[in-house]
Asker: 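Please find one structure pasted underneath; my questions will follow.
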There are 2 protein chains.
Amino acid sequence: MKDITPQQQKVLDCIQVYINKTGFPPTRADICRELGFKSPNSAETHLRALEKKDFISIESGASRGISINNPEIKHEGNDYPIVGLVAAGSPTLASENVEKVLNCPKGFFGSDFDYFLRVRGLSMKDAGIMEDDLIAVKKTQEIKNGDIVIARIEDEVTVKYFQRSAPNIVHLKPANEEFNDIEVNLEETELYIEGKSVGLIREN
Amino acid sequence: MKDITPQQQKVLDCIQVYINKTGFPPTRADICRELGFKSPNSAETHLRALEKKDFISIESGASRGISINNPEIKHEGNDYPIVGLVAAGSPTLASENVEKVLNCPKGFFGSDFDYFLRVRGLSMKDAGIMEDDLIAVKKTQEIKNGDIVIARIEDEVTVKYFQRSAPNIVHLKPANEEFNDIEVNLEETELYIEGKSVGLIREN
DNA sequence: CATTATACTGTATAAATATATAGTATATTT
DNA sequence: AAATATACTATATATTTATACAGTATAATG
């Protein structure tokens with residue numbers, strides 16, 4: 001992601017605010033009105049710059065055909081998004097990954113959390129985490145050994161126990177004999193910790 | 001909120017899907033394309049009906065000026081009691097047995113339920129039910145084979161899989177090799193089914 | 001039995017909108 | 001010194017789009 005200029009940031013913010021307020025993206029004229037431009041081409045060129053830098057996508061020919069790339073859905077109040085374990089890429093809150101939302105009291109699990117992750121596979125079955133369970137995920141980098149983390153290793157997302165064995169060695173341990181430990185050498189492999197599990201919900 | 005017709009539901013779903021996919025609402029023509037209508041007025045009239053019934057809002061004059069009304073879902077204060085597995089006697093809702101209450105939206109687990117039961121022991125560990133988990137219990141006698149039931153046998157309460165093997169024989173099966181099946185002959189032994197599990201919550 | 005709601009096709013058009021073109025000006029990079 | 005990116009104004013226009021009007025048909029309602 002390239003650098004964004006202050007003015008382009010203003011336009012991007014303007015688009016987000018407009019969508020939040022109305023439910024649909026602005027026209028060039030709307031952006032001019034909001035930001036005080038006097039020519040629709042001012043908006044146009046900014047939009048094209050934002051598109052080139054991959055902050056937005058523009059559907060050619062469509063009115064209001066602007067969409068913000070990777071918009072993090074903000075769960076106002078108590079509607080928490082449920083996202084699936086996307087095989088490639090992190091479980092982002094981008095709308096296309098959101099199955100549905102679940103209304104849940106804040107602080108339901110003692111701790112705050114950010115979204116629910118739908119579990120695939122049985123690699124944590126001995127920890128009582130079964131297929132289709134919903135894990136309440138708190139986005140954080142504060143991880144202790146033994147925490148159940150949502151980790152991304154080179155585009156693959158998994159749920160595992162976290163254990164740091166040495167400054168540069170992290171073990172991701174399943175809770176199922178049929179699966180193997182994953183040893184990650186941080187100098188060789190990129191490891192991104194999405195967050196940790198603070199609770200679980202099962203519907204049956 | 002008035003009743004929605006099946007066709008109007010289709011249109012509403014179509015709008016939601018379109019927004020999820022593209023980031024902006026559809027035009028009348030888009031809706032026609034998605035649903036196979038041949039006249040833009042088909043979409044128009046459905047939209048006006050949905051607006052009248054308050055499912056959507058339409059910004060007059062604006063292209064793609066459709067927004068879905070999300071009526072504030074406030075989970076009506078549903079405080080469900082958490083009861084412990086009382087060794088002797090059923091897990092009654094008498095106040096001395098209630099640990100605390102947990103506020104939880106109605107229909108959180110798809111089905112209604114009556115209280116939470118705090119799990120003791122690991123007899124259902126292979127079903128992903130661990131010590132201290134909270135089972136959402138629905139008081140009911142409508143039990144199918146394979147349901148997870150909360151059963152009382154002569155003053156002892158347990159959580160097990162339910163299986164009726166013969167008209168008078170019920171098996172209560174644990175999900176843990178280290179525990180044994182319990183065979184209950186209904187002619188000899190009193191078996192009371194408290195209810196069944198419709199969901200699970202874990203705080204960690 | 002008239003009225004209203006639902007569920008469409010088909011056509012037309014004013015208004016909304018994207019987008020190209022022509023300029024001006026400044027800063028940054030090559 | 002030339003090219004490129006940023007940041008605008010101003011005007012024009014083809015296309016997109018909302019929306020009205022004219023029909024047809026069926027089911028529900030009072």
Side-chain angles (χ1 to χ4, degrees), chain A residues 1-69 71, chain B residues 1-69 71:
Chain A
M1 195 74 77
K2 280 188 195 164
D3 282 344
I4 193 168
T5 69
Q7 202 64 5
Q8 285 164 5
Q9 184 67 57
K10 264 193 181 178
V11 174
L12 188 59
D13 289 346
C14 166
I15 296 167
Q16 184 66 69
V17 166
Y18 193 100
I19 292 174
N20 288 345
K21 213 165 52 183
T22 67
F24 44 87
T27 65
R28 276 63 169 167
D30 290 331
I31 295 171
C32 289
R33 204 174 312 113
E34 294 292 329
L35 299 179
F37 301 152
K38 287 179 182 168
S39 165
N41 197 38
S42 301
E44 179 70 23
T45 50
H46 278 127
L47 289 176
R48 293 299 161 189
L50 285 168
E51 188 191 31
K52 205 173 173 185
K53 291 177 177 177
D54 213 35
F55 289 103
I56 63 171
S57 298
I58 301 175
E59 171 96 16
S60 175
S63 68
R64 302 178 188 270
I66 305 165
S67 56
I68 295 178
N69 292 339
Chain B
M1 194 76 75
K2 280 188 196 163
D3 282 343
I4 193 167
T5 68
Q7 203 62 5
Q8 286 164 6
Q9 184 67 58
K10 264 193 180 177
V11 174
L12 187 60
D13 290 345
C14 167
I15 297 167
Q16 183 67 68
V17 166
Y18 193 100
I19 293 173
N20 288 344
K21 214 165 51 182
T22 67
F24 43 88
T27 64
R28 274 64 168 168
D30 290 330
I31 295 171
C32 289
R33 204 173 310 112
E34 294 292 328
L35 298 180
F37 301 153
K38 288 178 182 168
S39 166
N41 197 39
S42 301
E44 179 71 23
T45 49
H46 278 128
L47 289 175
R48 294 300 160 189
L50 285 167
E51 187 191 31
K52 203 173 174 186
K53 290 178 177 176
D54 215 33
F55 288 103
I56 63 171
S57 298
I58 301 175
E59 172 93 17
S60 175
S63 68
R64 301 176 189 272
I66 304 167
S67 56
I68 294 179
N69 292 337

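Letters A, B, ... are given to chains in the order of the sequence lines, protein chains preceding strands, and every chain is numbered from 1.
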Asker: Assess the residue pair A:L12 and A:H46 against the criterion (side chain to side chain contact (heavy atoms under 4.5 Å, CB included)); give the C-alpha distance rounded to whole Å, side-chain angles, the decisive distance to 0.1 Å, and a yes or no.
Answerer: CA-CA 9 Å; A:L12 188 59; A:H46 278 127; over 6 Å; no
Asker: Taking for each residue the nucleotide of DNA chain D bearing the nearest heavy atom, is the 5' side occupied by B:I58 or by A:P40?
Answerer: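 First, find each residue's nearest nucleotide; the 5'-ward one identifies A:P40.
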Asker: I want to check one thing: is the phosphate of C:dA7, taken as OP1 and OP2, less than 4.0 Å away from some side-chain N or O of B:T5?
Answerer: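 For B:T5, the contact criterion (side-chain N or O under 4.0 Å from OP1 or OP2 of C:dA7) is met.
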Asker: Nearest heavy-atom pair of A:R64 and A:Y18: which atoms, and what distance?
Answerer: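 It is NH1-OH, 3.4 Å.
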Asker: Starting at CG of B:N41 and ending at C1' of C:dA12, how long is that distance when rounded to a whole Å?
Answerer: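 It is 12 Å, rounded to the nearest whole Å.
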Asker: Are OP1 or OP2 of D:dA7 and a side-chain N or O of A:T45 less than 4.0 angstrom apart?
Answerer: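 False: A:T45 side-chain N/O out of range (4.0 Å or more) of D:dA7 OP1/OP2.
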Asker: To the nearest Å, give me how far apart NZ (B:K10) and P (C:dC8) are.
Answerer: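 Between P of C:dC8 and NZ of B:K10: 8 Å.
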Asker: Could you pick out which residue, B:Q8 or B:K38, lies toward the 5' side of DNA chain C when each is mapped onto its nearest nucleotide?
Answerer: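 The residue mapped nearer the 5' terminus is B:Q8.
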Asker: To the nearest angstrom, how far is A:I56 atom CD1 from C:dA18 atom P?
Answerer: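 So the CD1-P distance, A:I56 to C:dA18, works out to 11 Å.
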Asker: Which atom pair, heavy atoms only, marks the closest approach of A:I66 to A:P25?
Answerer: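 Closest heavy-atom pair between A:I66 and A:P25: O-CG, 3.2 Å.
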Asker: Rounding to an integer number of Å, can you tell me how far B:F37 CZ sits from D:dA25 P?
Answerer: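 Those two atoms, CZ and P, are 19 Å apart.
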Asker: Taking only Lys NZ, Arg NE, NH1 and NH2, and the carboxylate oxygens of Asp or Glu, determine whether A:D13 and A:K10 approach each other closer than 4.0 Å.
Answerer: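 No, A:D13 and A:K10 are not salt-bridged.
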Asker: Could you check whether any side-chain N or O of B:N20 sits under 3.5 Å from a backbone N or O of B:V17, counting only pairs where one atom can act as donor and the other as acceptor?
Answerer: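 Not at all, since once roles are kept as given, no pair shorter than 3.5 Å links the two residues.
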Asker: Report the residue (B:Q7 or A:P26) whose heavy-atom-nearest nucleotide on DNA chain C is the more 5′ of the two.
Answerer: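 Upstream on the strand: B:Q7.
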Asker: According to a strict under-4.0 Å criterion, is B:K53 in side-chain N/O contact with OP1 or OP2 of C:dA5?
Answerer: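 Answer no for this pair, as no side-chain N or O of B:K53 is under 4.0 Å from OP1 or OP2.
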Asker: Whole angstroms only, please: what is the CG-P distance between A:L47 and C:dT17?
Answerer: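 Distance, rounded to whole Å: 14 Å.
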Asker: Would you say the base of D:dA10 and the side-chain of A:S39 have a donor-acceptor pair closer than 3.5 Å?
Answerer: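 Yes.
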Asker: Rounded to whole angstroms, how far apart are CZ on B:R48 and P on D:dA18?
Answerer: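 So the CZ-P distance, B:R48 to D:dA18, works out to 10 Å.
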Asker: Measure the distance from NE2 on A:H46 to P on D:dT6 and round it to the nearest whole Å.
Answerer: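 It is 8 Å, rounded to the nearest whole Å.
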Asker: Atom CZ of B:R28 and atom C1' of D:dT17: how far apart are they, to the nearest Å?
Answerer: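 Atom CZ in B:R28 sits about 8 Å away from atom C1' in D:dT17.
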Asker: May I ask you to say what A:A29 touches in the nucleic acid, namely base, sugar-phosphate or nothing, with a heavy-atom cut-off under 4.0 Å?
Answerer: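 Nothing, no nucleic acid heavy atom in range.
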Asker: Find which nucleotide of DNA chain D each of A:P6 and B:T27 is nearest to by heavy atoms, and output the residue with the more 5' nucleotide.
Answerer: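 Mapping each residue to its closest nucleotide by heavy atoms, the 5'-most match is A:P6.
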Asker: When you measure from the side-chain N and O atoms of B:S63 to the phosphate of C:dA15, is any distance below 4.0 Å, counting only OP1 and OP2?
Answerer: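 Result: no.
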